[in-house]
Amino acid sequence: MKKQIIALTGAIALSTAAFAGTASAKTITIQSGDTLSKLAAEHNTTVRTLQNMNNIKSANLIYAGAQLEVGDGNGNATYQAPVKQQTTQSTYKAPTQQQTQAKSTYKAPVQQKQQAQTQTKSYQSTQKAQSTQKASNASSYQGSSSSAKSWIAQKESSNSYEARSATGKYIGKYQLDKSYLNGDYSAANQERVADNYVKQRYGSWEKAKQFWVSNGWY
């Protein structure tokens, strides 16, 4: 049979009750002149229910000769939508052994700690001894006092016992030849050697100053 498009002109009754799924119910054949509103009234249901049951997108178009499910005659659909599955969320817990390993902290062996502490103490003792020796050397000989001596020290090294020449040959406050110091660069030895050097070479610091003014060295 050729299908004919029937334009619906009647008023469409809307229902507030929504139907989900396709009903397993009475099926009829649409006749020429039928409308959804007419068929809904005849079968005690609603236009919206017929649309849902038959997957009809528009209430304005149905086809003569097509099959249409109309429910159980009491306005009820026998089909019930399946209950939505609930998803169970699970939380993974690492084994207790792994958690214990993650929380553990490496501890150095006691022997290594003791060795490190011993080395530190030894280094500190050595540094202290060297400082004490330097202080002792400085206090053992203060050197002679002279304005000419101070003047030369200022010119030679800016009064620094730690001063070194560019070549490394001249050492300390008075820029003495390092061979004169015999490896002892302490302040006391620098003072002692400088006094002896000036006494033997010039006789006094004042004469040494005069020589320095004339020559730029002494």
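Basis for what follows: all heavy atoms, side chains included, without hydrogens, waters or symmetry-related copies.
The backbone N or O of Ser160 sits nowhere less than 3.5 Å from a side-chain atom of Ser158 that would complete a donor-acceptor pair. The backbone N or O of Asp184 lies less than 3.5 Å from a partner atom in the side chain of Asn189, making a donor-acceptor pair. Counting only distance, with no hydrogens or angles, the side chain of Ser150 and the backbone of Ser146 share a donor-acceptor pair below 3.5 Å.
In plain terms, the two heavy atoms of Gln175 and Glu156 that are nearest each other are CB-OE1, 3.3 Å. Across Gln190 and Tyr185, no two heavy atoms sit closer than the pair NE2-O, 2.8 Å. Between Ile152 and Lys209, the closest heavy-atom pair is CD1-N, 3.7 Å. A pairwise comparison of heavy atoms in Asp195 and Gly143 identifies OD2-CA, 3.4 Å as the closest pair. In terms of heavy-atom proximity, Asp177 sits nearest to Lys169 at OD2-CE, 3.1 Å. In this structure, Ile28 and His43 approach most closely via the heavy-atom pair CD1-NE2, 3.8 Å.
The side-chain heavy atoms of Leu68 and Ile62, taken from C-beta on, include no pair separated by under 4.5 Å. Ile171 places none of its side-chain heavy atoms less than 4.5 Å from the side chain of Leu176.
Residues satisfying the ring-ring contact (aromatic ring centres under 6.0 Å, His included) test with Tyr180, not counting sequence neighbours, are Tyr197. Taking Thr29 as the reference, Gln31, Gln67 meet the side chain to side chain contact (heavy atoms under 4.5 Å, CB included) condition, with sequence neighbours excluded. For the side chain to side chain contact (heavy atoms under 4.5 Å, CB included) test, residues two or more places apart in sequence or in another chain that qualify with Asn215 are Phe211, Trp217. Every residue was checked against the salt bridge (charged side-chain N to carboxylate O under 4.0 Å, His left out) condition with Lys207, not counting sequence neighbours, and none meets it. Every residue two or more places apart in sequence or in another chain was checked for a ring-ring contact (aromatic ring centres under 6.0 Å, His included) with Tyr170, and none qualifies. A search for side chain to side chain donor-acceptor pair (under 3.5 Å) contacts involving Thr167 returns Ser165, not counting sequence neighbours. Every salt bridge (charged side-chain N to carboxylate O under 4.0 Å, His left out) that Lys173 has, sequence neighbours left out, goes to Glu191. For Ser157, there are no side chain to side chain donor-acceptor pair (under 3.5 Å) partners, not counting sequence neighbours. Among residues two or more places apart in sequence or in another chain, the side chain to side chain donor-acceptor pair (under 3.5 Å) test is passed with Lys38 by Asp34. In this structure, Gln210 has no side chain to side chain donor-acceptor pair (under 3.5 Å) partners at least two apart in sequence or on a different chain.
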Does the pair Thr35 and Ser37 meet the rule for a side chain to side chain donor-acceptor pair (under 3.5 Å), with working shown? CA-CA 5 Å; Thr35 65; Ser37 58; 3.2 Å; yes

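To the nearest 0.5 Å, atom CZ of residue Arg192 and atom CD of residue Gln142 are 11.0 Å apart.
Residues Tyr141 and Leu181 do not share a hydrophobic cluster, defined by chaining ILVMFWY side chains whose heavy atoms lie under 4.5 Å apart.
Between Val70 and the options Thr27, Asn54, Thr49, Leu50, a side-chain contact (heavy atoms from CB on, under 4.5 Å) holds for only Leu50.
For residues 142-165, the pairs satisfying ring-ring contact (aromatic ring centres under 6.0 Å, His included) are Trp151-Trp212, with sequence neighbours left out.
In this structure, Arg201 is not positioned above the aromatic face of Tyr218 in the sense of NZ or CZ being under 6.0 Å from the six-membered ring centre and within 45° of the axis.
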